[in-house]
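A short worksheet on the structure shown next.
This structure is a prediction, so every number in the text was calculated from the model and none was measured. Position 1 is the first residue of the sequence, and the numbers go up from there. Atom set for the values below is all heavy atoms of this structure, side chains included, hydrogens, waters and symmetry mates excluded.
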Amino acid sequence: MKQIFLIVAAALLLATPAFAQENSQRMLTPEDVVLNRELRPQSFRVQWIGESDCYATTEGDMIVSYDAASGKSSTLLTLSELNSILGSEYRQLPYYYFDSEQNIIFQVRGYIYTINLDSKQLVATYDIPRGDNLTRQSGKGGMFAYTKENNLYLFDGKKSVAITTESDTNIVSGQSVSRNEFGIDGGIFFSPDASKIAFYQKDESAVGTFPLLDINSRTGTLREIKYPMNGMPSEKVRLGIYDIASAKSVYADVTDFDAERYLTCITFSPDSRKIYIQVLDRTQNDMRLNIYDAESGAYIKTVLEEHNDKFVEPYAPLVFLDEKPEQFIYATDNRDGYKSLYLCDDNGIIKRLTTCDADVAYLAQDKKHIYYTSAEVSPIDNHLFRVNISSGKATRLTSEEGWHSPQVSHSGRYFLDTYSSLNVPNVVYVKATSGKQQSELFRAADPTVGYNYLPIELGTVKSADGKFDNYYRLIKPANFDATKRYPVIVYVYGGPHSQMVTNSYLGQLRRWEMLMAQRGYVVFVMDNRGTSNRGAEYEKAIHRRCGVAEMEDQIAALDWLLSHEWCDRERVGVHGWSYGGFMTISLMTTYPDYFKVGVAGGPVIDWKWYEVMYGERYMDSTHDNPEGFAATSLIPKAKNLKGKLLICQGAVDNVVVWQHSLSFVQECISHHVQVDYFPYPVAEHNVFGPDAVHLYQKITDYFVDNL
């Protein structure tokens, strides 16, 4: 552990002390944690105007345009002009965006208004239909697709037409599928020319149900949800393609793998004649990128294939090049160990575009370059780069440390750079990609002044296997005295698709952490193996043994932390929600001598009760990996619990269903192990609003009373 101490100590020297004096300032409350918007840094909304190098922002009651090259400004539209054009009485400018240099779009009160900025005239009004999963056509126009119950509808601007008319409620069209895994966040896809609509259709006939209790009715009501548990029958998905002119649908002729395959990353070709689907088998070990004819649904060819003995996880639709529409960008972490971008055509991969040993994400393109954000400077920093498509030369475009969220102009000559870092709230610049010009547009004030926020330290500690540096944030108590001993709280999530520690404002702090530090606790948060933005080996270290590598890393870090004399190793607590709830109970029952108190929210207890898509990716199935399920289940570990444990659970949780926590409680009862339990009767997986204030008060009180 000596080596770990030196690494972390060096990192701590780099941490910048922050914020105001610790005394005579306001302490945070649970209401502040949940409801106080004043503690968020002020934002600055700015956007490019169409394909120009001019950007727009709101100044008082005016929408103002600035030329990025010259800085020259002009007023595009005022609130009084908008009210005059629309015959309205808005007191402030509604949400707006641009579909060209000439047209500004307002979307309010069930309508979309298009106003020409030159003539100051209303040029189009579109009704927004009422329905779920509302999706507007590609480009300009007033067509929408939406769902009602299990069917899909098209609104053409005047009337609605049913695209599907399924009476069997097990057949669901136009909604998201696969429980929003694989980057899926919707089920409706307009073609670029708005002549067709692709849509998911899932058959849930074989999927089991789980009952949720609604207490709001006079006698209570059971609402059953479709919930495909690990190793059990799953939904069957196909892709429909509806031709708007003929009002007829065809279905993509997908025959790969088994019937419970996954279809994701749906992408039309720029000419709307072909549709690309990444087809994944249920085991999630094999994927094929296939092309289908958008007119007939017929299979055309397979562009490429992926295989991984752990898992393949498609996550991004294709992006076609504006200048060479026969070529496209394909993203995967399966070929070179990191999420990388590849230049492809219908015959396969042409070359790897991003060659860094770091995860990247596509952002934009111009005639010569692909723009992307990357973790190559540091996994906790996010920077903008571009790569020349022809030469492969990569150039870093952002220099300030921190987490950048850029917008690149269509020409590629300029970008709007919004960023923050540990002690720097939101800052916005307009910059030239040549590096020869930049101008600060906005710098947010510190919103925490007067709230006794304490310094946050960012650093690293070695993973338990010694191969990786795990990043953490650490807050020491108010009026810290290194000669005293303080109780410790570890806040943990630890699961896939998460990164809790970044070099963004306050290190991505959750306010409850600061509340507890203000009350005298050392608070520690770390991203372990299995979390995101560190490459495939790091993320896939948890395969078939969820919780094992994660706990090893958390304990290695805790050993380092407790080596400091100012930590009281007899008073250590742990708290987390969802995967973090699973981690909390796992830590308390696997390493019971470390933890005196824990609070677990919405915890996974046994992966056999979790859903197919996520669960089988990381654990395989109950049939293929019985040893892994036995090793990670918390049911047989309940008897090991020594510390005080509070479990909180939304009673209508449709993500981690009630069977998990109730089964653990029953096992504790069977072994005469005391455990505390508090349900939130109308909450789903997360608790929001005033109920969340109650939750944070309960969590705080539990640690104060018991730790």
Side-chain angles (χ1 to χ4, degrees), residues 1-19 22 358 375-383 400-403 420-424 453-478 480-482 485-494 498-510 513-514 516-517 521-535 538 549-569 572-576 580 583 594:
M1 299 306 292
K2 183 176 181 181
Q3 181 183 7
I4 296 175
F5 172 79
L6 291 175
I7 291 171
V8 179
L12 291 180
L13 290 175
L14 298 176
T16 304
F19 319 115
E22 297 179 6
E376 62 197 82
V377 176
S378 163
I380 62 171
D381 284 46
N382 196 51
H383 283 279
E400 302 87 352
E401 72 166 54
W403 196 271
S420 70
S421 59
L422 178 60
N423 299 314
V424 178
Y453 267 48
L454 306 166
I456 299 171
E457 302 172 356
L458 300 183
T460 62
V461 61
K462 281 293 184 185
S463 59
D465 63 0
K467 296 175 66 175
F468 302 97
D469 291 329
N470 289 337
Y471 286 84
Y472 69 79
R473 67 173 171 266
L474 172 68
I475 315 174
K476 295 174 184 175
F480 177 75
D481 182 345
R485 288 181 179 268
Y486 297 93
V488 176
I489 294 176
V490 176
Y491 183 85
V492 62
Y493 181 78
S498 70
Q499 185 178 10
M500 296 202 303
V501 182
T502 62
N503 188 13
S504 56
Y505 184 53
L506 303 183
Q508 207 171 311
L509 173 82
R510 287 161 173 77
E513 301 165 33
M514 189 61 68
M516 296 307 290
Y521 298 84
V522 172
V523 182
F524 183 81
V525 181
M526 186 191 72
D527 289 319
N528 49 247
R529 281 175 293 163
T531 55
S532 299
N533 211 29
R534 299 295 303 277
Y538 189 88
E550 302 96 299
M551 284 192 290
E552 290 172 352
D553 281 5
Q554 292 289 337
I555 292 298
L558 185 55
D559 281 336
W560 165 79
L561 184 63
L562 295 179
S563 70
H564 295 83
E565 292 297 323
W566 37 266
C567 288
D568 187 344
R569 62 172 47 251
V572 179
V574 58
H575 170 44
M583 286 289 293
Y594 275 81

Shortest non-hydrogen pair, Cys567 vs Leu561, comes out as SG-O, 3.4 Å

From Leu509 CG over to Met500 CE, what is the distance, rounded to the nearest 0.5 angstrom?
11.0 Å

For Asn503 and Asp381, the nearest pair of non-hydrogen atoms, with its separation, is CB-OD1, 3.3 Å

Take Gln499 and Ile380 through the test side-chain contact (heavy atoms from CB on, under 4.5 Å) and record every step on the way to the result.
CA-CA 9 Å; Gln499 185 178 10; Ile380 62 171; 4.2 Å; yes

Might you point out which heavy atoms bring Leu454 and Met514 nearest each other, and give the distance in Å?
N-SD, 3.3 Å

With a 4.5 Å cut-off on side-chain heavy atoms, are Val522 and Pro477 touching?
yes

Is there a donor-acceptor pair closer than 3.5 Å between any side-chain N or O of Asp553 and the backbone N or O of Ala464?
yes

Quick one: OH on Tyr505 to OG on Ser420, what's the gap to the nearest 0.5 Å?
9.0 Å

In terms of heavy-atom contacts, Gly402 and Ser421 come closest through CA-CB, 3.9 Å

Report the distance from atom CE of Met516 to atom CZ of Arg510, rounding to the nearest 0.5 Å.
15.5 Å

If you take all heavy atoms of Thr531 and Ser498, which pair is closest and at what distance?
CB-O, 3.2 Å

Compare all side-chain heavy atoms of Pro455 with those of Phe480 and state whether any distance is below 4.5 angstrom.
no

Given Arg529, Lys462, Lys467, the one that forms salt bridge (Lys or Arg N to Asp or Glu O under 4.0 Å) with Glu552
Arg529

Is it the case that the side chain of Gln554 and the backbone of Met526 share a donor-acceptor pair, with hydrogens and angles ignored and the cut-off at 3.5 Å?
yes

Check: Ser504 side chain, Trp403 main-chain N or O, donor-acceptor pair, under 3.5 Å
no

Working to the nearest 0.5 Å, report the span between CZ of Phe524 and CD of Glu513.
11.5 Å

Mind telling me whether Trp560 and His564 have parallel, tilted or perpendicular rings, with 30° and 60° as the class edges?
perpendicular

When you measure from the side chain of Tyr538 to the backbone of Asn528, do you find a donor-acceptor pair of N or O atoms at a distance under 3.5 Å?
yes

State, to 0.1 Å, how close Leu506 and Ile456 come at their nearest heavy-atom pair, and which atoms those are.
O-CD1, 3.4 Å

Side chains of Thr502 and Gln508: any donor to acceptor distance under 3.5 Å?
yes

When you measure from the side chain of Arg485 to the backbone of Arg569, do you find a donor-acceptor pair of N or O atoms at a distance under 3.5 Å?
no

Using modelled atom types only, decide if a donor and an acceptor are shared between the side chain of Tyr486 and the backbone of Asp481 within a distance under 3.5 Å.
yes

Out of the candidates Val492, Asn533, Val501, only one should pair with Asp527 under the side-chain contact (heavy atoms from CB on, under 4.5 Å) rule; please name it.
Val501

